[in-house]
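Encoded as C-alpha cells, the structure appears first; notes follow it.
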There are 2 protein chains.
Amino acid sequence: MTAPKLADIAKRAEVSIAAVSIALNNRDTKRVSEAKRNEIRKIAEELNYVPNEVAKALSERRTRLLGLVVPFRDPILNHFIAQVLSGIQVTLMRRGYSLLLYSPTGKSGGSTRDQVLERRFTDGLIFVDTGSSSTRDLAERIQQLEAAKIKFVMINTYSHRASVNSVGVDDSAMGEAAAHYLVQRKHRRIAFLSSSGMLPTHLHLLQGLRRGVIAHGLDLPAEHIGCSENNEETTFRILDRWLASKRTAPTAIFCADDQLLMHLYGYVEARGMRLPEDVAVIGRGDASFNSLLRPRPTAFYLPTFEMGELGAGMLIDLIEKPEQKPQRVLLPFKLHAGDTA
Amino acid sequence: MTAPKLADIAKRAEVSIAAVSIALNNRDTKRVSEAKRNEIRKIAEELNYVPNEVAKALSERRTRLLGLVVPFRDPILNHFIAQVLSGIQVTLMRRGYSLLLYSPTGKSGGSTRDQVLERRFTDGLIFVDTGSSSTRDLAERIQQLEAAKIKFVMINTYSHRASVNSVGVDDSAMGEAAAHYLVQRKHRRIAFLSSSGMLPTHLHLLQGLRRGVIAHGLDLPAEHIGCSENNEETTFRILDRWLASKRTAPTAIFCADDQLLMHLYGYVEARGMRLPEDVAVIGRGDASFNSLLRPRPTAFYLPTFEMGELGAGMLIDLIEKPEQKPQRVLLPFKLHAGDTA
DNA sequence: ATGAAAGCGCTAACAC
DNA sequence: GTGTTAGCGCTTTCAT
C-alpha cells in the first residue's frame with residue numbers, strides 16, 4: 001500500500017482536504033472545530049500519516065534545506081570541516097532546517113552553471129573556504145551568486161565586499177599577535193610559512209605579522225616567507241633552506257594552517273630535530289586537531305565550531321527576514337600556549 | 001523577476017511545455033525535431049533556465065537525495081564520521097545523488113516518529129553506527145524502518161538480520177587477530193578495553209579475542225575486561241587497577257576504539273609511563289586519526305572511507321534496482337604495525 | 001467554521 | 001513529431 005496522504009485522511013474523516021491540512025498544521029486554530037481537529041488527528045495517527053515534504057516544499061516555495069558547499073579532500077581538511085559541520089548542525093536543528101552536502105567536482109572556480117545548479121533544493125548556501133580559492137575566484141563566485149539571487153554565507157573567509165555575509169577571524173590581527181608573542185619570547189628572526197601567496201588569508205596574516213615585527217624594529221625579509229603550494233616536498237625544501245645556516249636561520253616559524261603544521265612536524269621528525277629547541281613554532285588551526293599533536297603546539301585556535309554555528313544562523317536570518325542586512329563577522333581567536341614556542 | 005520555468009521557454013519558442021521538457025531532458029530524442037530542440041536549448045540558455053528540482057522530485061516521486069543519520073558529538077567521532085562521509089560523497093557524486101545530513105536529537109533509540117520523519121526528502125537512509133546503540137536499540141530501529149518501508153543501509157555495524165543491508169568489518173576475526181599478534185609477541189596477560197559491554201562490536205571483538213587467546217592455551221579473565229562507558233575517569237580507574245600489581249598486570253591491552261585510545265594515551269602521559277615499555281597497546285580505529293599520535297600506535301585500521309563508499313553504493317542499488325537483494329558485507333581490515341606493541 | 005478550486009513546476013500517458 | 005491533459009501532494013485564497 002502506498003503512503004497515506006491528506007486525501008485519505010479527509011475521506012475517512014469526511015471533511016475536506018483543506019480542513020485536514022489546517023488541522024494538522026496549526027495546533028490551536030479557529031478554522032477547524034475542536035471536535036473535527038481531534039478526529040482528524042486521531043485518524044492521521046492511526047494511518048501513520050507522514051507529510052510529503054516535497055509536495056509541501058513545492059507549494060510553499062521553500063525547503064528548509066541549506067546547502068553546504070565544501071570539498072572533501074584530505075583527512076586534515078575533513079577534520080576541519082567536521083568541526084564546522086557540527087557547529088552548523090547545532091544551529092540547524094534548533095531552527096528546523098536540514099543540511100544538504102555538495103562537494104564541488106571540478107577545480108576551484110567551477111562554472112556558473114555548477115554554482116547555480118547548486119540551488120537545487122536549497123533555500124540558501126553555506127560556503128566553507130578551505131584555503132583553495134584565490135581572491136579572484138572568490139570575487140567571481142560571489143558575483144555569480146548575487147546575479148542568480150542566491151542567498152549565501154561564507155565561512156572562514158574575509159571578503160571585502162560589504163554586501164556579503166561572512167564569518168571568519170581577523171587574520172591580520174592574528175599575524176600581529178603572533179609577532180608580538182614571538183618577539184616577547186626573544187625571537188628576532190621570524191619566518192612565515194603558508195600554503196599559497198594568492199590566498200586572502202595568506203595576505204592578511206602576512207600583513208599583520210609584518211606590522212607586528214616592524215613595530216618592534218625588526219623586519220620580515222622576503223626569503224623568510226615560504227609557500228608550500230600544499231606540497232610536502234616543497235615544505236621540506238623551504239625548511240632545509242631556512243635552517244641551513246645557523247647564523248641566518250629563523251628562530252621561530254609562524255605556520256598558517258594545520259596541514260603545514262603536520263608537514264612541519266614530519267620534517268622535524270625526519271631531520272631528527274626538536275621543538276622548540278631547534279626552532280620555535282606557532283600554529284594556526286583547529287583546536288581538536290592541534291591537541292592531538294606532541295609536542296603540544298603553541299597555536300591560535302580557530303573557532304571552527306562557532307564559525308559554523310554562527311554562519312548558519314546568519315544565513316537563516318537572511319532567508320527568513322527579508323530586511324536583514326548582510327554582515328561580516330570576525331570572531332575572536334585565542335592563542336593556546338603549548339610547548340613549541 | 002522570478003526564475004524562468006518551462007512555460008516561459010515554451011512561450012518564447014512557441015511550442016508546448018511538454019516539448020520543452022523532453023528537449024531539455026533527452027540529449028537525442030526523436031520526440032522533438034532537431035530544429036526545435038536547438039531553438040529550445042538556445043532560449044533556455046539565454047533565460048538562464050535552471051530546473052526546479054522540487055517540482056521534478058514531486059512529479060518523479062524521487063529526489064536523488066540520501067539521508068545520513070549520524071550524531072555529531074565529540075571531535076574524535078567527528079573525525080571518524082568525516083572519513084566515512086568523504087567515502088559516501090565519492091559514490092554519490094559518481095551516481096548523481098546528494099546527501100542530506102540528519103543529526104538525531106534525542107538519545108539513542110528515538111521515537112518511531114523521528115525515524116519515519118527522516119523519510120523527509122530522501123530516497124533512502126544511511127546509518128552510521130558510532131558505537132552508541134545496543135543490540136536491542138538496533139533491532140528496534142530496524143523493525144521500524146522496515147515497517148515504514150524505508151530503504152536503508154547500516155555502516156560500521158554487524159546485524160544478525162539477513163534482510164538488512166550493512167557494511168562493516170569482521171570484529172570477531174579482528175579480536176582473534178589481535179590475540180595472535182600479541183601472543184606471538186610473547187604477551188601472556190592480555191586485557192580488553194572497550195566502551196560498553198552492551199555494544200555488538202564489544203561482543204564480537206571479545207568473542208574473537210577470547211577464541212584467540214584460548215587457542216594459545218591462555219585465558220582472558222573477567223577482571224581484564226574493562227568498560228569505560230565513554231568516561232575518561234572510568235578509564236583511568238580501570239587502568240590504575242589493572243596496572244597496580246606488577247605480578248598480575250596485563251602486559252598488553254587491546255583498545256576497542258579511538259576515543260579509548262586517546263584516553264589511554266592521556267593516562268600514560270599523566271602517569272609518566274611509556275609505550276610499549278610499561279604496557280603494550282594495540283588499537284582499532286581510523287587510520288588518519290591514528291597516524292597523528294605519537295608514539296605511533298600499532299592498530300587495526302578500519303576502512304572508514306571504503307565503508308562509506310561501499311555503503312552508499314549498496315543503498316543506491318537497493319533504490320534503483322527493485323530486485324536487488326540486501327547484503328551484508330564485511331570489509332577486510334589490516335593491522336598497521338606501529339611502535340606500541 | 002468549512003469546502004471548492006486554483007495553483008506550485010514538472011513529467012508522462014495519450015491522442016492527434 | 002507535437003500538443004493536450006492529468007496528475008504528483010500540499011497550501012491557500014475565496015466563496016459559502
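Every chain is numbered from 1 and lettered A, B, ... according to where its sequence line falls, protein lines coming before strand lines.
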Name the pairs: protein N/O against N/O of nucleotides 11-15 of chain D, kept only if under 3.5 Å.
residue	atom	partner	partner atom	Å
D:dT11	OP1	A:Asn25	ND2	3.1
D:dT11	OP2	A:Ser21	OG	2.6
D:dT11	OP2	A:Asn25	ND2	3.4
D:dT11	O4'	A:Ser59	OG	2.6

Legend entry - Distance-only donor-acceptor check, side chains A:Thr91 and A:Glu309, under 3.5 Å: no

Rounded distance in Å - [atom1] ([X]) to [atom2] ([N]):
| X | N | atom1 | atom2 | value |
| --- | --- | --- | --- | --- |
| B:Leu58 | D:dA6 | CG | P | 18 Å |
| B:Arg61 | D:dC10 | CZ | P | 13 Å |
| B:Arg62 | D:dC8 | CZ | C1' | 14 Å |

Inset, instruction - Looking only at non-hydrogen atoms, find the nearest pair between B:Ser134 and B:Pro200 and report the distance. - result: C-CD, 4.4 Å

Inset, instruction - For residues A:Met307 and A:Phe80, report the shortest heavy-atom separation together with the two atoms involved. - result: CE-CZ, 4.2 Å

Inset, instruction - Would you mind telling me which of A:Arg95, A:Lys325, A:Lys151, A:Gln327 makes a side chain to side chain donor-acceptor pair (under 3.5 Å) with A:Asp317? - result: A:Arg95

Legend entry - 5' priority, DNA chain D, between A:Ala7 and B:Ser16 [closest heavy atom]: B:Ser16

Inset, instruction - Mind checking B:Val54 for me? I need base, sugar-phosphate or nothing, with any heavy atom below 4.0 Å counting as a touch. - result: nothing

Inset, instruction - Find the distance between CD1 (A:Ile126) and CD1 (A:Ile155) and round it off to the nearest 0.5 Å. - result: 5.5 Å

Inset, instruction - Please answer whether the main-chain N or O of A:Ala23 pairs with a side-chain N or O of A:Arg41 as donor and acceptor at a distance below 3.5 Å. - result: yes

Inset, instruction - Ignoring backbone atoms, establish whether A:Lys36 has a side-chain N or O less than 4.0 Å from OP1 or OP2 of C:dT2. - result: yes

